[in-house]
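This report refers to the structure that appears directly beneath it.
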Amino acid sequence: MNITVRPLEERDIKETVRAMAEAWNYSYETWERGYYPIEAHEFDLSQNTEENQRRYIGSQDSFCFVALADGKIAGRISGQIIGASGFGMIRNIAVHPDFHRKGVGQKLMDAAIGYFSEKGCHKVSLNTLPVLIPAINLYMKNGFVPEAYLAKQWWGVDFIFMSKWLQQK
Ligand SMILES: CC(C)(COP(=O)(O)OP(=O)(O)OC[C@H]1O[C@@H](n2cnc3c(N)ncnc32)[C@H](O)[C@@H]1OP(=O)(O)O)[C@@H](O)C(=O)NCCC(=O)NCCS
């Protein structure tokens, strides 16, 4: 399988929204149900719109990369750098279940970390849920460490704040 990663383009948007809705629903059913409220999941799904995806195209301080597997949208990662602070956040990563465990998540992570490094960031952080074991493994494999435990955060749910400090060029 040929996996490539590149910035989101207009022609990807429809397929990306569809693939991410399926990926998030799979994630909810597989790992989050019983931990993450359905209202929170539905709110997240409501943000997965063509309009919101389109905002990333040409943005100066945020990015969205898509992974294509043999030409099909297989995954997506998005993030943002906060002004000139050198601090970045990964906002969302998901891989469609048809493409799990084929190295797509790792390639998306490589692209995001490459982006933050190129922009001179010294630190990258993200929020995750304790139940998302594949994601936590992926983050730890890439040098992220748990920096804080966020009790009763978003929708009253506990989150883990994970960070990686980058070598500055
Ligand atoms: C997390 C996720 C993006 C990983 O994508 P993927 O393409 O399957 O991951 P890769 O094949 O690139 O694997 C990279 C590493 O991730 C970890 N990993 C991936 N799937 C895993 C699983 N089922 N169980 C345990 N660890 C897993 C491993 O550390 C793996 O490295 P290894 O193969 O050397 O063990 C994917 O599982 C996903 O979309 N999950 C649902 C959405 C989600 O949790 N997003 C994060 C929100 S904070």
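Read the numbers this way: they start at 1 and go in the same order the structure lists the ligands and their atoms. We use all heavy atoms of the structure for the numbers below, so side chains are in, but hydrogens, waters and symmetry mates are not. Throughout, numbering of the chain's residues begins at 1 and tracks the sequence.
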Residue portion contacting ligand 1 (non-hydrogen atoms closer than 4.0 Å) for Met140 | neither
Heavy-atom proximity to atom 45 (N) of ligand 1 ranks first, among Ile93, Asn92, Ile77, for Ile93
Could you tell me which atoms of ligand 1, counted from 1 in the order shown, lie closer than 4.0 angstrom to a heavy atom of Ala94?
-> 39 (O)
Would a 4.0 Å cut-off, counted as strictly less than, catch a protein heavy atom around atom 28 (C) of ligand 1?
-> yes
For the atom pair OH (Tyr56) and CG (Asp61), what is the distance rounded to the nearest 0.5 Å?
-> 10.0 Å
Identify the two heavy atoms, one from Leu108 and one from Gly75, that lie closest to each other, and give their separation to 0.1 Å.
-> CD1-C, 3.8 Å
Could you tell me which atoms of ligand 1, counted from 1 in the order shown, lie closer than 4.0 angstrom to a heavy atom of Gln106?
-> 12 (O)
Atom 7 (O) of ligand 1: the protein heavy-atom neighbour that sits closest, reported with distance to 0.1 Å | Gly105 N, 2.7 Å
Presence of salt bridge, Arg6 and Asp12, under 4.0 angstrom = yes
List the closest protein heavy-atom neighbour of atom 38 (C) of ligand 1: residue, atom name, distance to the nearest 0.1 Å.
-> His100 NE2, 3.6 Å
Side-chain H-bond candidate by donor/acceptor type, Asn25 with Glu29, under 3.5 Å | no
What part of Lys141, side chain, backbone, both or neither, has a heavy atom within less than 4.0 angstrom of ligand 1?
-> side chain
Name the option, out of Gly103, Ser27, Ala74, that contains the heavy atom nearest to atom 42 (C) of ligand 1.
-> Ser27
What do you reckon, does Thr128 have a nitrogen or oxygen under 3.5 Å from a nitrogen or oxygen of ligand 1?
-> no
Would Leu132 count as a contact of ligand 1 if the rule is a heavy atom under 4.0 Å away?
-> yes
Common cluster, Tyr139/Trp24, ILVMFWY with side-chain heavy-atom separation under 4.5 Å | no
In terms of atom number and element, which parts of ligand 1 are under 4.0 angstrom from non-hydrogen atoms of Ala135?
-> 1 (C), 44 (O), 46 (C)
Looking at Leu138, which atoms of ligand 1 are within less than 4.0 Å of one of its heavy atoms?
-> 14 (C), 15 (C), 16 (O), 17 (C), 29 (O)
Lys/Arg N to Asp/Glu carboxylate O, Arg54 vs Glu51, below 4.0 Å | no
Using 30° and 60° as the class limits, which term best fits the ring planes of Phe43 and Trp155: parallel, tilted or perpendicular?
-> tilted
Just one of Trp165, Phe144, Phe161 clears the side-chain contact (heavy atoms from CB on, under 4.5 Å) bar with Ser125, so which one?
-> Phe161
Considering only protein heavy atoms, which is closest to atom 3 (C) of ligand 1, and at what distance to one decimal place?
-> Val95 CG2, 3.8 Å
Using a distance-only test with no angle check, is there a side-chain donor-acceptor pair under 3.5 angstrom linking Tyr28 and Asp44?
-> no
How many angstroms lie between CD in Gln53 and SG in Cys64, if you round to the nearest 0.5 Å?
-> 5.5 Å
Which ligand 1 atoms does Tyr139 reach within 4.0 Å, using its non-hydrogen atoms?
-> 46 (C), 47 (C), 48 (S)
Which ligand 1 atoms are under 4.0 Å away from a heavy-atom of Val104?
-> 7 (O), 12 (O)
Evaluate the 4.0 Å heavy atom contact test for atom 13 (O) of ligand 1: does a protein atom fall under the cut-off?
-> no
At what distance, to the nearest 0.5 angstrom, does CG of Leu8 lie from CZ of Arg11?
-> 10.0 Å
With rounding to the nearest 0.5 Å, note down the distance linking CG in Asn92 to CG in Asn127.
-> 11.0 Å
Distance to 0.1 Å, residue and atom name: give those for the protein heavy atom nearest to atom 37 (O) of ligand 1.
-> Pro134 CB, 3.6 Å
Of all the non-hydrogen atoms in the protein, which one sits nearest to atom 26 (N) of ligand 1, and at what distance?
-> Asn137 ND2, 3.0 Å
Could you see which bit of Trp31 sits under 4.0 Å from ligand 1, with heavy atoms only: side chain, backbone, both or neither?
-> side chain
Starting from atom 24 (N) of ligand 1, find the nearest protein heavy-atom neighbour and note its residue, name and distance.
-> Arg101 NH1, 3.8 Å
Any idea which atoms of ligand 1 are less than 4.0 Å away from a heavy-atom of Asn127?
-> 48 (S)
Going by the angle between their ring planes, with limits at 30° and 60°, are Tyr26 and Trp31 parallel, tilted or perpendicular?
-> perpendicular
